[in-house]
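The block underneath contains the structure these notes are about, expressed in structure tokens.
Lettering of chains follows the sequences in order, A, B, ..., and the numbering in each one begins at 1.
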Amino acid sequence: EDKVVQSPLSLVVHEGDTVTLNCSYEVTNFRSLLWYKQEKKAPTFLFMLTSSGIEKKSGRLSSILDKKELFSILNITATQTGDSAIYLCAVSTSGTYKYIFGTGTRLKVLA
Amino acid sequence: DSGVTQTPKHLITATGQRVTLRCSPRSGDLSVYWYQQSLDQGLQFLIHYYNGEERAKGNILERFSAQQFPDLHSELNLSSLELGDSALYFCASSAQGIEAFFGQGTRLTVV
């Protein structure tokens with residue numbers, strides 16, 4: 001059965017800290033790995049990764065994929081209170097183009 | 001604004017009833033996905049439609065059904081509702097397995 005596992009489940013840090021969120025997966029017909037941020041309602045797209053070893057970066061957020069070891073990490077540097085959210089990792093599969101989500105990491109950044 | 005529209009935003013109904021949730025995908029997106037998110041749970045994949053045809057099914061209960069119409073909007077029908085069906089129901093759309101964009105969700109409360 002396809003599965004995506006995220007760790008830690010939750011994390012509390014102080015502003016300015018750097019955090020690393022983990023996502024491991026076991027799926028058939030891997031196509032891409034995606035990161036989303038969910039604040040109050042709808043998840044919003046952050047990154048899509050398809051190739052191993054190539055870092056994607058957007059401001060203080062960056063992510064990288066390891067297709068051999070089947071995991072990805074999402075780094076957030078110099079965290080701010082506005083980074084407080086649930087971070088969701090999803091894997092899309094080819095063929096059915098299904099997106100399988102992990103349970104998410106709940107990040108709380110304290111001022 | 002993701003471009004995905006879901007109605008209604010909130011729904012309160014009694015056990016045993018039937019409801020219909022509606023989703024209009026982003027312009028041009030042929031794929032529509034339905035997800036259920038219960039309290040402190042990740043996004044549980046329910047079903048995927050592509051251009052009117054069912055592509056993949058997740059852990060969707062037999063009491064639930066969905067369809068995608070020729071104009072590409074989709075409806076999720078939930079019947080014989082139980083208290084445990086209370087959740088946020090998200091619709092997402094994508095173009096050929098690229099990143100999925102989420103609607104704001106319908107919060108269903110069964111009393």
Item to check | Test item: A/Leu88 and B/Leu43 side chains (from C-beta on) under 4.5 Å apart, heavy atoms | outcome: yes
Next on the checklist: With a 4.5 angstrom heavy-atom cut-off, is it the side chain or the backbone of B/Tyr35 that approaches chain A, or both, or neither?
Outcome noted: side chain
Checklist outcome for this item: Whatever's closer than 4.5 Å to a heavy atom in chain A on B/Gln37 counts as side chain
Checklist entry - Between A/Gln38 and chain B, which part of the residue has a heavy atom less than 4.5 Å away: side chain, backbone, both or neither? => result side chain
Checklist entry - When only heavy atoms count and the cut-off is under 4.5 Å, which of residues 103-111 of chain B reach chain A? => result B/Gly103, B/Gln104, B/Gly105
Checklist entry - Cut-off 3.5 Å, side chains only: do A/Asn29 and A/Thr93 have a donor facing an acceptor? => result no
Next on the checklist: Quick one, A/Leu11 and A/Leu21 - any side-chain contact, counting heavy atoms below 4.5 Å?
Outcome noted: yes
Item to check | Pairwise distance OH(B/Tyr33) to CZ(B/Phe45) - rounded to 0.5 angstrom | outcome: 7.5 Å
Next on the checklist: Just so I know, are the side chains of B/Leu72 and B/Asp29 near enough to count as touching, which here means a heavy-atom distance under 4.5 Å?
Outcome noted: no
Next on the checklist: Side chains of B/Gln36 and B/Leu88, heavy atoms from C-beta outward: is any pair under 4.5 Å?
Outcome noted: no
Checklist entry - Using the ring of each side chain (for Trp, its six-membered ring), is B/Phe102 parallel, tilted or perpendicular to A/Phe101, with breaks at 30° and 60°? => result perpendicular
Item to check | Neighbours of chain A found in residues 57-68 of chain B - heavy atoms under 4.5 Å | outcome: none
Next on the checklist: Which residues in residues 58-67 of chain A have any heavy atom closer than 4.5 Å to a heavy atom of chain B?
Outcome noted: none
Next on the checklist: Ignoring hydrogens and geometry beyond distance, is a side-chain donor-acceptor pair present between A/Thr79 and A/Asp17 at under 3.5 Å?
Outcome noted: no
Checklist entry - Non-hydrogen atoms of chain B under 4.5 Å away: do they reach the side chain of A/Phe47, the backbone, both or neither? => result neither
Checklist entry - In the hydrophobic cluster built from side-chain contacts under 4.5 Å, what are the other members alongside B/Phe101? => result B/Val4
Checklist outcome for this item: Exactly one of A/Thr50, A/Leu49, A/Leu74 clears side chain to side chain contact (heavy atoms under 4.5 Å, CB included) with A/Lys56, and that residue is A/Leu49
Checklist entry - When the ring planes of B/His48 and B/Tyr50 are compared, do they come out parallel, tilted or perpendicular, using 30° and 60° as the limits? => result perpendicular
Next on the checklist: Does A/Lys57, at its NZ atom, have more than 12 non-hydrogen atoms belonging to other residues, nucleotides or ligands within less than 6.0 Å?
Outcome noted: yes
Next on the checklist: Is the shortest side-chain heavy-atom distance between A/Thr103 and A/Leu9 below 4.5 Å?
Outcome noted: yes
Checklist entry - With side chains defined as the heavy atoms from C-beta onward, is the minimum distance between A/Tyr25 and A/Ser72 less than 4.5 Å? => result no
Item to check | Side chain B/Thr15, main chain B/Leu83, donor-acceptor under 3.5 Å | outcome: no
